[in-house]
Structure formats: C-alpha cells, structure tokens
Amino acid sequence: MIRLLILALAVAFSSCLQAQRTEDVVYLLDGSIIRGQLVESGDSTLRIMTYGGNVFALDRKLVQAVTKEKPYKNKLEIKDKGYFNFTSAGILLGSSGDEKPAPLSLIMEHTFRYRNYFAGGVFMGFEQLKENTLPVGLNYKLMLPAGTVEIITGFSVGYGFPLNDPPDEAWNDNSGGIIFLSELGLAIPFTETAAFFVALGYRYNELNYDMKGWPVDYSRKIKFNRLSLRLGLSLY
C-alpha cells in the first residue's frame, strides 16, 4: 500500500512538473496564435484561458491545430537605435610613473546609436591618477548583436583636467593631459531597458607638470600605459 502511494505521488509530481514545462497553444486558420491553458475541448468548441485570466471560446472549424509547447519567453534585446547611457566603475591595471598600482576610474557615457551597429557620444568622469582628474571627451562604438548579448568595441579620445594642486610642492602647475582608450566588451540585457556590461581595453594617459624659476624652467610629462577593466550598467 505504501509503495502504491509513493508511486502515485511520484506520478502526480511528474505530471505537475510536465504541466509547468508546457503550455497549450491554439493555432487558428487566420494565422492567430493563442497561448494558455485549455479548460474545455469539445467536438465543436474549444475554451482556452490565457495568462491574463481571459477565456476564449473558439469554433473548432476555425482551429488549425492544438499543441503543447514550452512556455514562450520574450527574448530580451538591446534596442538598435536611440539614446544609451553607460555608467561604469573600473580600474587601470599595470605599472606606471605614479605610486597607485590600480587607480580608480568612474566614467559616464552619453551615447546615441544609429544605423543599427554604430554609436557615438561624449563621456566624463572622475579618476585617481597621480592626483584626481576629470576626464572629458568623445567616444565611438561598434555594437554587434551576438544572440541574446551584444559585443561592443570602440575607442575614446579626450583630455584629463586636474582637480587639485600638484601632489609635489616643487611643481608650480599641473595641466592634465590627453586620454586615449581602445576596448572590447560585452553587454548582457537583464530587462527591456537595461544591460550589464564588462569591457577590457588599452588606456593611455598623460599628466603634464611645470616648474618655473628655480633653477630654470622645467617641464615633466608622466605617461600611463595601462589595461582598463570596467564593469557597469547600460540604460536605454
């Protein structure tokens, strides 16, 4: 008796799992498709309840086929045109002339995508190099669909403006320097209007310093050749 009860429960559990994995799909002669759960299947009439709770009564003469299929899920896609906001936090990896092994980089990009694959815009942010800087510039991206994700590659050019006085009192002035970034990344949508993204690239920065009056005028340029690793969120 116990064995029969266990077997009955196993069959019921299996049927429940199967019901969760499938849905009833009605194909009509006019090309319409209705998904849900059949509540009546007569010789002349079908009744199907959709997931919104509506019940449709259908004449059998208008029905082409009735099947059971895996539940339909809308594939999340990144839109192919319009405004995008990329906000990221990252680090600049590698050796350089400053004492920070992995400076912090916060970047926000305002980008407009056009012609499906191409996008361009502006960026600004906050970075901790030898001193704090404000990076500002232009970017250009190539956004290539790859199934449910997108491959993003591109480059950015701009200028890093210093936000504080030179870290060494011997220098009279710091004027920042140019920025160049080339990277390859991946965007993974998780809602209809947002995606996570990760990007790895090559980053070049310059910082320029001037010393005047003692013993002679002197200039120094620090160059940063680093790997850029960014993690962020894209809203569109």
Side-chain angles (χ1 to χ4, degrees), residues 83-115 117-144 150-187 196-236:
Y83 170 78
F84 282 74
N85 177 286
F86 292 90
T87 301
S88 68
I91 53 177
L92 304 177
L93 300 166
S95 61
S96 70
D98 75 320
E99 64 275 9
K100 296 183 176 67
L104 173 67
S105 174
L106 303 175
I107 299 292
M108 178 177 287
E109 302 172 77
H110 300 282
T111 303
F112 187 83
R113 184 174 183 176
Y114 61 98
R115 294 185 181 178
Y117 302 137
F118 304 100
V122 299
F123 71 88
M124 66 181 301
F126 172 82
E127 293 184 334
Q128 295 178 320
L129 301 177
K130 194 172 180 63
E131 71 268 3
N132 298 331
T133 63
L134 172 68
V136 178
L138 304 175
N139 61 49
Y140 192 79
K141 299 181 185 295
L142 182 63
M143 304 174 69
L144 302 174
E150 286 207 344
I151 298 172
I152 302 177
T153 183
F155 63 90
S156 303
V157 293
Y159 198 90
F161 296 92
L163 295 177
N164 47 280
D165 294 332
D168 190 335
E169 295 181 357
W171 299 100
N172 303 114
D173 183 45
N174 54 339
S175 57
I178 62 173
I179 297 170
F180 174 79
L181 171 66
S182 176
E183 63 182 356
L184 176 66
L186 195 66
F196 291 116
F197 77 91
V198 57
L200 179 66
Y202 164 73
R203 177 68 175 270
Y204 176 82
N205 280 71
E206 288 183 1
L207 291 179
N208 292 282
Y209 298 91
D210 293 313
M211 179 188 298
K212 297 180 180 180
W214 188 89
V216 294
D217 292 348
Y218 181 74
S219 296
R220 181 188 180 192
K221 178 182 293 184
I222 298 178
K223 298 180 180 180
F224 298 80
N225 291 282
R226 293 202 166 194
L227 290 177
S228 168
L229 175 61
R230 299 200 294 148
L231 299 174
L233 183 67
S234 175
L235 303 177
Y236 45 89

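Throughout, residue positions are numbered sequentially from 1 according to the sequence presented.
Interatomic distance, Leu181 CG to Phe155 CZ, rounded to the nearest 0.5 Å: 10.5 Å. Atom CD1 of Ile179 is separated from atom CD1 of Ile107 by 7.0 Å, given to the nearest 0.5 angstrom.
Looking at heavy atoms from C-beta onward, Ile178 lies out of side-chain contact with Phe180 at the 4.5 angstrom threshold. Counting heavy atoms from C-beta outward, Ile151 and Leu186 have side chains that approach closer than 4.5 Å. Between Tyr209 and Ile222, some side-chain heavy-atom pair lies under the 4.5 Å cut-off. Using a 4.5 Å heavy-atom cutoff, the side chains of Leu129 and Leu207 are in contact. A heavy-atom distance below 4.5 Å is not found between the side chains of Ser228 and Leu200.
Scored by the side chain to side chain contact (heavy atoms under 4.5 Å, CB included) test, Leu163 finds Phe126, Asn132, Leu134 as partners (sequence neighbours excluded). Residues passing the side-chain hydrogen bond (donor to acceptor under 3.5 Å, both in side chains) test with Asn85, sequence neighbours excluded: Tyr83, Thr87. Remark: Arg203 pairs with Glu127 by the salt bridge (charged side-chain N to carboxylate O under 4.0 Å, His left out) rule, at least two apart or across chains. The ring pair (Phe, Tyr, Trp, His ring centres under 6.0 Å) check on Tyr140 picks up nothing, with sequence neighbours excluded. When the side-chain hydrogen bond (donor to acceptor under 3.5 Å, both in side chains) test is applied to Tyr204, the partners found at least two apart in sequence or on another chain are Glu206. With sequence neighbours left out, the side-chain hydrogen bond (donor to acceptor under 3.5 Å, both in side chains) criterion links Ser88 to Arg230. Partners of Tyr202 by ring pair (Phe, Tyr, Trp, His ring centres under 6.0 Å), not counting sequence neighbours: none found. Tyr117 pairs by the side-chain hydrogen bond (donor to acceptor under 3.5 Å, both in side chains) definition with nothing, not counting sequence neighbours. Every residue was checked against the ring pair (Phe, Tyr, Trp, His ring centres under 6.0 Å) condition with Phe118, not counting sequence neighbours, and none meets it. Judged as a side chain to side chain contact (heavy atoms under 4.5 Å, CB included), and not counting sequence neighbours, the contacts of Ser175 are Tyr159, Asp173, Asn208. Taking Phe123 as the reference, nothing meets the ring pair (Phe, Tyr, Trp, His ring centres under 6.0 Å) condition, with sequence neighbours excluded.
Donor-acceptor pairing under 3.5 Å is lacking for the side chains of Glu131 and Asn164.
Figure legend: Lys141 and Phe86 shown as a cation-pi pair, the cationic atom lying under 6.0 angstrom from the six-membered ring centre and within 45 degrees of its axis.
Pairs engaging residues 150-162 under the salt bridge (charged side-chain N to carboxylate O under 4.0 Å, His left out) rule: Arg113-Glu150 [sequence neighbours left out].
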